[in-house]
Amino acid sequence: MEKQYVPKEVEQKWQQNWQQTQAFRVTEDSEKPKFYLLEMFPYPSGRIHMGHVRNYAIGDVVARFKRMQGFNVLHPMGWDAFGMPAENAAIEHGTHPKKWTYENIASMREQLKRMGLSYDWQREFATCDPEYSRWEQLIFLKMLEAGLAYKKGSSVNWCPDCQTVLANEQVEDGSCWRCDNLVEQKELDQWFFKITDYADELLEGTDKLPGWPERVLAMQRNWIGKSYGCEIEFPVADKETKIKVFTTRPDTLFGATFMSLAPEHPLVKSLISAEQQGAVADFIAQVERQDKIQRTSGELEKLGVFTGSYAINPLTGDQIPVFLANFVLMDYGTGAVMAVPAHDQRDFEFARKYELPIRVVIQPEGESLVAETMDAAHTGTGLLVNSGQFDGIENEAAKEQIADYLDSRGEGRKTINYRLRDWGVSRQRYWGTPIPIIYCETCGAVPVPEKDLPVLLPEDVELTGEGGSPLARHQDFLQVACPKCSQPARRESDTFDTFVESSWYFARYACPDYQNAPLDKKAANYWLPVDQYIGGIEHAVMHLLYARFFTKVLRDLNMLDVDEPFTNLLTQGMVCMETQRCAEHGWLYPEQISSGNCTLCGRPAELGRTEKMSKSKKNVVDPNLLIEQYGADTARLFSLFAAPPEKDLEWNEQGVEGCARFLGRVWRAVCDNLELIADVEVARTAEGAAAELRRKTHQTIKKVTEDIDGRFHFNTAIAAVMELVNAIYAFKLGQQHPEVLREALEAVVRLLNPFVPHASEELWQMLGHQQSVEAAGWPAFDAAALVADELTLVVQVNGKVRGKIEVPAAAEKAEIEAAAQADPNVQRYIEGKQIRKVIVVPKRLINIVVA
RNA sequence: GCCCGGGUGGCGGAACUGGUAGACGCAAGGGACUUAAAAUCCCUCGGGAGCAAUCCUGUACGAGUUCGAUUCUCGUCCCGGGUACCA
């Protein structure tokens, strides 16, 4: 008899079944085509949040859909397990990062399993596992051999009080986020990866990724920031030295009337004249006091100081003053800029401020600029003037010609400049992968021999947040014999940026237990590239660019044969929620508010901005509560039905009820009809009124297939199934046509499987099937069933809807026109008027144009 | 500033290549069932006029192209994201 829908029981049953049968394990020796589906792995922060639910629900729909379509689907899960929150927890609560991390993983794994996600759990790993570190360290050693990793001095944000390095986001208004002391810039020796060697390939690759969203590609292109220009050498008057500048506008060289150098420029010392000594020293001290963020904030006042030296413009021969300027950056271009005030807004303002000459060298068409009366720089196109032999040439052409001329005289050359910098990977932190290097006084930086890998993190450390990295104070860890000369040496105490781990984890999933190398080339080549990658838009540049870089490095190290890691990318929107705060207690969790008041003090809660759900703002919803109350299937369905995946989602639980109700409706539709359809086969054809339900069934199959495959419009796919269920409820001919009813019900159950797999399996079993619904495969639509005998056409007069007509599907144009004109309401509008034109859009409408 | 998105009922959203604007769901209102409630089932639901048939109006705003525009073009306003003294 009728069986109640109890989500908890159904979900437990099927989750156990999947675990016991290892339903989602895959191997490389399959007859089926492979499909690698991956969602960005989570940081084990402790609890699953709504963003995870959304991300993994989306992924699981695709995984189950592809599996039903007959693909050999790799769908793995793991943990991005190194990072600062573990250290902060240790500082605040005294728990060891390792313990904290693995405990979090254990509880999050349980939460994910309760969602019924179809992962191959055999392949699970955490990036803090020693096995993973071992292979990451080996990749680093190979990069070192290949010249792709190197060490250089670089400035970092440094808190002198905490004795530690701060990330940019840990600097608040120039002060340390923990102790409020002023942050300084400190020069440290750090390891870098030569991502700039791959700048061109990474850029060109953006044109070969049609499966990526255009905006992500645009962001990556901007980030790489390739610009074509020219390096020009300016001799310094009365000195042997030359200053090299980079410019994208060699066409304006005749207008260069002064020069601006970065205060850190290595030539600065040799350029300062005796009388400018004091002013320059003051200026440099002032700039040094500003941290990186202030320095590049844009609102900073443009300041400069004259060095006392002059450079010679190679084309005009004029002596031009050399300034230091706070807006010139040492790490872009050459750290020196030729200033053309007439044609660069920044130089224009600087020239006006310090009363420097302005020389117009490009005249826009139909205007004649005069330096004295200009109130802004002219940065557009025009013809060259005041430019000697180049006068009258269009400035775009002059870029080439002047560059060639300089080249022929040995005073400059065309160059390409990138905004992209090499990737600094050293972190002065404990909870990360140790960089496998040993420093020896005689042998220098010596790689740890492969046989000694992995370099393990010592566990007996004290984390206080002060005095720098605990590794740098851990003598047992630090003191080691030099692998080359056996003399006492010192181990590197820095660890890798955690982006290194996430740059190759997707490849390790192909062979998580492989013992001989980072990758089993055969397995990796079978599975890679990832066919569909799914994750948050916030990783559009960093993670996705680093992963692309690493893939190319692994290829060049002969560990892998693919060029790009992710063929198709789906960037999912954020889950947002309004923030609330109390005047006394700060941010409030939603459950700390009752009827608009803070439950701690009774004051009214103030409504804040709607923002991405985050622990720090306390605007979070615990998905567990949702799963407890409604079950995993409803939680999954709801997160998919609320909005298309790429859109931001403002959290609102009002729709949950509707999804739960819908599943109840599906359940009852099957249960209530079980007896009726017990012994019938699914329909192959249908006639008369029954054909309508059959048509709806096959239309739905078609629409859901198209919505999921490639478009990811899960909300409309679900809506289509809802329509079919509504049609089943409205179907009054079940007694006469049980086979049509069975076909419709089976279609609903199969189409819903990717969304609500537990309920689907249970219903499929109730429908009398031995094998699983997943094994039953994805339904195909019958094109013949889609064809209707009669069509409803809209009749317009002059573009306005005036009626609807029913015509046979095979009706000719003339027949349709006659029927349209016979419609009484249509006649009111065409009566006595001349018909100018009749437009018939097949299967849709007819538009009668009258005078 | 520059580069990407986006703006549709009370709400989330739909309309795929220019062809019935508002699918599906939520909320709201009404009804059936019930001693009652819950659950369930059915109906109404952009705004305005009308007893009704039906008509007018409506996709941020203003123009344009078209037989026909939420969709294409131009301009304006607003919102979101990215990025920035980038030479």
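All chains are named by letter (A, B, ...) in the order of the sequence lines, taking the proteins before the strands, and each is independently numbered beginning at 1.
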Subject >> Close side-chain approach of A:N222 and A:R419, heavy atoms under 4.5 Å >> reply: no
Subject >> Any A:K800 side-chain nitrogen or oxygen under 4.0 Å from OP1 or OP2 of B:rU57 >> reply: yes
Subject >> Spacing between A:Y418 atom OH and B:rA84 atom P, to the nearest angstrom >> reply: 19 Å
Original post:
Hey, does A:M40 have a side-chain heavy atom less than 4.5 Å from the side chain of A:I534?
Top reply: no
Original post:
Side chain of A:F641: nearest nucleotide among B:rC24, B:rG19, B:rG82?
Top reply: B:rC24
Original post:
A:F638 near the nucleic acid: base, sugar-phosphate alone, or nothing, with a heavy-atom cut-off under 4.0 Å?
Top reply: nothing
**OP:** Sticking with atom P, work out how far B:rA39 lies from B:rG29, rounded to a whole angstrom.
**Re:** 14 Å
Original post:
How many Å lie between CD on A:E231 and P on B:rA87, as a whole number?
Top reply: 14 Å
Subject >> P atoms of B:rA27 and B:rA36, separation to the nearest Å >> reply: 24 Å
Original post:
Does any non-hydrogen side-chain atom of A:I848 lie less than 4.5 Å from one of A:V850?
Top reply: yes
**OP:** When you get a sec, tell me which of B:rC85, B:rA15, B:rG12 is the closest nucleotide to the side chain of A:A642?
**Re:** B:rG12
Original post:
Is the phosphate of B:rG6, meaning OP1 or OP2, less than 4.0 Å from a side-chain N or O of A:R215?
Top reply: no
**OP:** Report yes if at least one side-chain N or O of A:Y829 is closer than 4.0 Å to OP1 or OP2 of B:rC55; otherwise report no.
**Re:** yes
Subject >> Sugar-phosphate, base or nothing in reach of A:N726, heavy atoms under 4.0 Å >> reply: sugar-phosphate
**OP:** Over 60° means perpendicular and under 30° means parallel, so classify the ring planes of A:Y354 and A:F350, tilted if in between.
**Re:** tilted
Original post:
Base, sugar-phosphate, or nothing: which does A:A218 touch, judged by heavy atoms less than 4.0 Å apart?
Top reply: nothing
**OP:** State whether the distance check finds a donor on one side and an acceptor on the other, under 3.5 Å, for side chain A:K837 versus base B:rC67.
**Re:** no
Original post:
Side-chain contact, heavy-atom cut-off 4.5 Å: A:F234 with A:L253?
Top reply: yes
Original post:
Quick one: CD on A:E646 to CZ on A:R215, what's the gap to the nearest 0.5 Å?
Top reply: 8.5 Å
Original post:
What nucleotide, of B:rA23, B:rG68, B:rC42, holds the atom closest to the side chain of A:Y729?
Top reply: B:rC42
**OP:** Look at the side-chain N and O atoms of A:R421 and state whether any lies under 4.0 Å from the OP1 or OP2 oxygen of B:rC86.
**Re:** no
Original post:
Checking all strands, does A:K804 fall into the base, sugar-phosphate, or nothing category for heavy-atom contacts under 4.0 angstrom?
Top reply: base
Subject >> Interatomic distance where CZ belongs to A:R844 and P belongs to B:rG19 [whole Å] >> reply: 7 Å
Subject >> NZ or CZ of A:R668 within 45° of A:Y5 ring axis and under 6.0 Å >> reply: no
Subject >> B:rU20 to B:rG58 separation - C1' atoms, rounded to the nearest Å >> reply: 15 Å
Original post:
Expressed as a whole number of Å, how far does the P atom of B:rA28 sit from that of B:rC11?
Top reply: 15 Å
Original post:
Across the strands shown, which category fits A:Q345 at heavy-atom distances under 4.0 angstrom: base, sugar-phosphate, nothing?
Top reply: nothing
**OP:** For A:L637 and B:rC26, give me the distance from atom CG to atom P, rounded to whole Å.
**Re:** 12 Å
Original post:
Considering only the C1' atoms, how many Å lie between B:rG18 and B:rG64, rounded to the nearest integer?
Top reply: 15 Å
Original post:
Between atom CG in A:D344 and atom C1' in B:rC86, what is the gap in whole Å?
Top reply: 11 Å
**OP:** Taking only the side-chain heavy atoms of A:F327 (C-beta and beyond), determine which of B:rU83, B:rC85, B:rA23 contains the nearest atom.
**Re:** B:rC85
Original post:
Contact class for A:R836 vs. all strands (heavy atom < 4.0 Å): base, sugar-phosphate, or nothing?
Top reply: nothing
Original post:
Relative to the ring of A:F306, is the ring of A:F323 parallel (under 30°), tilted (30 to 60°) or perpendicular (over 60°)?
Top reply: tilted
Original post:
Under 4.0 angstrom, heavy atoms only, what part of the nucleic acid is A:V849 near: base, sugar-phosphate, or nothing?
Top reply: sugar-phosphate
Original post:
Starting at the 5' end of RNA chain B and moving along, which residue's nearest nucleotide shows up first, A:P644 or A:A720?
Top reply: A:P644
**OP:** Kindly point out which of B:rG82, B:rU40, B:rC24 is positioned nearest to the side chain of A:R668?
**Re:** B:rU40
Original post:
Does B:rG64 fall in syn (glycosidic angle within 90° of 0) or anti?
Top reply: anti
**OP:** May I ask you to check whether over 12 heavy atoms, not counting those of A:K353, lie within 6.0 Å of atom NZ?
**Re:** yes
**OP:** Send over the distance from A:R346 CZ to B:rA84 P, rounded to a whole Å.
**Re:** 14 Å
**OP:** Report the nucleotide, chosen from B:rC41, B:rG68, B:rU20, that has the shortest atom-to-atom distance to any side-chain atom of A:L845.
**Re:** B:rU20
**OP:** Hey, could you give me the NZ/CZ distance between A:K244 and A:R413, rounded to the nearest 0.5 Å?
**Re:** 5.5 Å
Original post:
For A:R661 and B:rC26, is the shortest distance between a side-chain N/O and OP1 or OP2 below 4.0 Å?
Top reply: yes
**OP:** Using a heavy-atom cut-off of under 4.0 Å over every strand shown, decide if A:R221 touches base, sugar-phosphate, or nothing.
**Re:** nothing
Original post:
Hey, does A:N825 reach any base, or is it just sugar-phosphate, or nothing, if we go heavy atoms under 4.0 Å?
Top reply: sugar-phosphate
Original post:
For A:R828 and B:rU54, is the shortest distance between a side-chain N/O and OP1 or OP2 below 4.0 Å?
Top reply: no
Original post:
In what stems does RNA chain B take part, counting only runs of at least 3 consecutive Watson-Crick or G-U pairs whose two distances fall under 3.5 Å?
Top reply: B:1-7 with B:77-83, B:10-12 with B:24-26, B:28-32 with B:40-44, B:46-49 with B:54-57, B:60-64 with B:72-76
Subject >> Which residue lies more 5' along RNA chain B, comparing A:Y332 with A:M722 via nearest heavy atoms >> reply: A:M722
Original post:
When rounded to the nearest Å, what value does the distance between C1' atoms of B:rA32 and B:rA23 take?
Top reply: 27 Å
**OP:** Could you tell me whether A:K703 contacts a base, only the sugar-phosphate backbone, or nothing, with contacts defined as non-hydrogen atoms closer than 4.0 Å?
**Re:** base
Original post:
Any idea which of B:rC42, B:rA87, B:rG19 is nearest the A:F246 side chain?
Top reply: B:rA87
**OP:** Indicate, with a heavy-atom threshold strictly under 4.0 Å, whether A:N715 touches base, sugar-phosphate, or nothing.
**Re:** sugar-phosphate
Original post:
Can you tell me how far C1' of B:rG12 sits from CD of A:E657, to the nearest Å?
Top reply: 16 Å
Original post:
How is A:R802 classified with respect to the nucleic acid when contacts are heavy atoms under 4.0 Å: base, sugar-phosphate, or nothing?
Top reply: sugar-phosphate
Subject >> Whole-angstrom distance between B:rC72 and B:rG19, as gauged at atom C1' >> reply: 14 Å
Original post:
Can you tell me how far P in B:rU66 sits from the matching atom in B:rC61, rounded to whole Å?
Top reply: 23 Å
Original post:
Do A:V337 and A:M259 come within less than 4.5 Å of each other through their side chains, counting heavy atoms only?
Top reply: no
Original post:
Which part of the nucleic acid, if any, lies within contact of A:G225, taking any heavy atom under 4.0 Å across all strands shown: a base, the sugar-phosphate backbone alone, or nothing?
Top reply: nothing
Subject >> Listed nucleotide nearest any side-chain atom of A:V801, set B:rG25, B:rA23, B:rA21 >> reply: B:rA21
Original post:
What integer distance in Å separates A:I718:CD1 from B:rC26:C1'?
Top reply: 15 Å
Original post:
Under 4.5 Å between any side-chain heavy atoms of A:V287 and A:N326, yes or no?
Top reply: yes
